[in-house]
Colleague: 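Handing you this structure, nothing more for now.
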Amino acid sequence: MKTAILITASAASLLFAAGSLKAADAPANPNVDEAKGIIKQFAGQLQSELKASLDNGGPMKAVTVCEKRAPAIAAGLSKSTGWDVKRTSLKVRNTELDTPDAWEKAVLEKFESRKAAGEDVKTMAFAEVVETANGKEFRFMKAIPTQQACLTCHGTEIPEEVATALDEHYPEDQARGFSLGDIRGAFSLSKPL
Ligand code: HEC
């Protein structure tokens, strides 16, 4: 049996879909707090390295930083925290590492309908306990909004030299054509319970 937890702005506003608790009475979920902490580290480290490389070497240097550092930071955090840490999207660039599984795809599709219904992408998240062949897993996803700085490599007018570099490294790249405020993808974390 699945226990679905819909998450809005903070852990205090958890809605227990299957339980009788009202949002205000819901206890903070330590797994959600832990996952959010890991995402903060991932996003913080990646953004500072991305910004530094854009400032110092320009977008071509930054492509290499994204290519090498994003998977490395995710792998490092997976190792140090015991969670499986990744990013995913409905339109992926790194098809090898970031292609969504069925659960992630369903959550990303729900994120799109939640956005269409007016919800703020910045705080959009979802958590669920799922049964797997190896027992229960806690899974958590947090949406990633498209910001101005992302458009150089994910937007509709990608500079030609950047597009060429992306073509070379990611021949199956789908992660282009995004606009400001779109859901670029999501962080996806899981751990065995
Ligand atoms: C300099 C180019 C560049 C910029 C700027 C950039 N990205 Fe990326 N992005 C990449 C590359 C290259 C990858 C593939 C790296 C990987 O994760 O393996 C990627 C992958 C991703 C992924 C993982 C899913 C996928 O498609 O493989 C997400 C999510 C993402 N980027 C979000 C963002 C966001 C949000 C911003 C702005 C804050 C941003 N990117 C800015 C180049 C860039």
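Counting convention: from 1, in listed order, for ligands and their atoms alike.
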Colleague: For atom 27 (O) of ligand 1, what's the nearest protein heavy-atom neighbour? Residue, atom name and distance, please.
Modeller: D98 OD2, 2.5 Å
Colleague: Report the nearest protein non-hydrogen atom to atom 3 (C) of ligand 1: residue, atom name, distance rounded to 0.1 Å.
Modeller: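 Ranking protein heavy atoms by distance from atom 3 (C) of ligand 1, first comes C153 SG, 2.7 Å.
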Colleague: Check whether any heavy atom of P145 sits under 4.0 Å from an atom of ligand 1.
Modeller: yes
Colleague: Which of the numbered atoms in ligand 1 are below 4.0 angstrom from a heavy atom of P59?
Modeller: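 Those qualifying, in numeric order: 1 (C).
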Colleague: Nearest to atom 18 (O) of ligand 1, what protein heavy atom do you find, and at what distance?
Modeller: N94 ND2, 2.6 Å
Colleague: For P192 versus G82, what's the shortest heavy-atom pair and its separation?
Modeller: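 Nearest pair, atom of P192 first, then G82: CD-O, 4.5 Å.
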Colleague: Distance only, no hydrogens: is a donor on one side chain within 3.5 Å (strictly under) of an acceptor on the other, for H154 and R184?
Modeller: yes
Colleague: Any idea which part of P71 is under 4.0 Å from ligand 1, heavy-atom wise: side chain, backbone, both or neither?
Modeller: side chain
Colleague: Do you know which two heavy atoms are closest between V32 and A127, and how far apart they sit?
Modeller: CG2-CB, 4.3 Å
Colleague: As an exercise, state the distance from OG of S78 to CZ of F42, rounded to the nearest 0.5 Å.
Modeller: 8.5 Å
Colleague: Does V92 reach ligand 1, in the sense of a heavy atom lying below 4.0 Å from it?
Modeller: yes
Colleague: Can you list the atoms of ligand 1 that are under 4.0 Å from a heavy atom of Q147?
Modeller: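 Counting from 1, the qualifying ligand atoms are 38 (C).
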Colleague: In terms of residue, atom name and distance, what is the protein heavy atom nearest to atom 36 (C) of ligand 1?
Modeller: C150 SG, 2.7 Å
Colleague: Looking at K142 and K122, would you say the former's side chain and the latter's main chain have a donor-acceptor pair under 3.5 Å?
Modeller: yes
Colleague: Taking the basic N atoms (NZ, or NE/NH1/NH2) and the acidic carboxylate oxygens, is any pair closer than 4.0 Å for D101 and R139?
Modeller: yes
Colleague: Work out whether the distance between some heavy atom of L50 and some atom of ligand 1 is less than 4.0 Å.
Modeller: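 The answer is yes, since L50 has a heavy atom less than 4.0 Å from ligand 1.
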Colleague: Decide, yes or no, whether a salt bridge links E109 with K105 under the criterion of side-chain N to carboxylate O below 4.0 Å.
Modeller: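 A salt bridge links E109 with K105.
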Colleague: Report the nearest protein non-hydrogen atom to atom 9 (N) of ligand 1: residue, atom name, distance rounded to 0.1 Å.
Modeller: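 The answer is H154 NE2, 3.0 Å.
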Colleague: Just heavy atoms, cut-off under 4.0 Å: does A149 contact ligand 1 by side chain, backbone, both, or neither?
Modeller: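 It is the backbone that touches ligand 1; the side chain stays farther off.
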Colleague: Classify the ring geometry between F138 and W83 as parallel (under 30°), tilted (30 to 60°) or perpendicular (over 60°).
Modeller: perpendicular
Colleague: Whether D173 and R93 form a salt bridge (side-chain N of Lys/Arg under 4.0 Å from carboxylate O of Asp/Glu) is what I want to check.
Modeller: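 A salt bridge is present here (some side-chain N lies under 4.0 Å from a carboxylate O).
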Colleague: To check you understand the geometry: which heavy-atom pair defines the closest contact between A143 and V121, and what is its length?
Modeller: CB-O, 3.8 Å
Colleague: Can you sort out which atoms of ligand 1 are near A70, meaning under 4.0 Å from one of its heavy atoms?
Modeller: 17 (O)
Colleague: I'd like the name of whichever of A175, A43, C66, A72 reaches closest to atom 43 (C) of ligand 1 through any heavy atom.
Modeller: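 That would be C66.
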Colleague: With heavy-atom distances below 4.0 Å as the criterion, list the atoms of ligand 1 near Y170.
Modeller: 12 (C), 14 (C), 15 (C)
Colleague: Charged N to carboxylate O below 4.0 Å: is that the case for D167 and R176?
Modeller: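 Result for this pair is yes, salt bridge flagged.
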Colleague: Please list the nearest protein heavy atom to atom 21 (C) of ligand 1 with its residue and the distance rounded to 0.1 Å.
Modeller: R87 NH2, 3.3 Å
Colleague: Suppose we measure from atom 32 (C) of ligand 1 to each protein heavy atom; which comes out shortest, and what is that distance?
Modeller: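 Going atom by atom, the protein heavy atom closest to atom 32 (C) of ligand 1 ends up being R184 CG, 3.4 Å.
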Colleague: If you measure only the distance, is there a donor-acceptor pair under 3.5 Å linking the side chains of E137 and T132?
Modeller: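 No, no side-chain donor-acceptor pair sits under 3.5 Å.
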Colleague: Can a non-hydrogen atom of F187 be found less than 4.0 Å from any atom of ligand 1?
Modeller: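 No, F187 has no heavy atom closer than 4.0 Å to ligand 1.
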Colleague: Establish, for the pair K86 and F187, whether the NZ or CZ atom is under 6.0 angstrom from the six-membered ring centre and no further than 45 degrees off its axis.
Modeller: no
Colleague: Show which atoms of ligand 1 fall inside a sub-4.0 Å distance from at least one heavy-atom site of I144.
Modeller: 29 (C), 35 (C)
Colleague: Considering heavy atoms of the protein only, find what lies nearest to atom 13 (C) of ligand 1 and give residue, atom and distance to 0.1 Å.
Modeller: R93 CD, 3.5 Å
Colleague: Strictly under 4.0 Å, does any heavy atom of V63 approach an atom of ligand 1?
Modeller: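 In this structure, V63 qualifies as a contact of ligand 1 - some heavy atom is under 4.0 Å.
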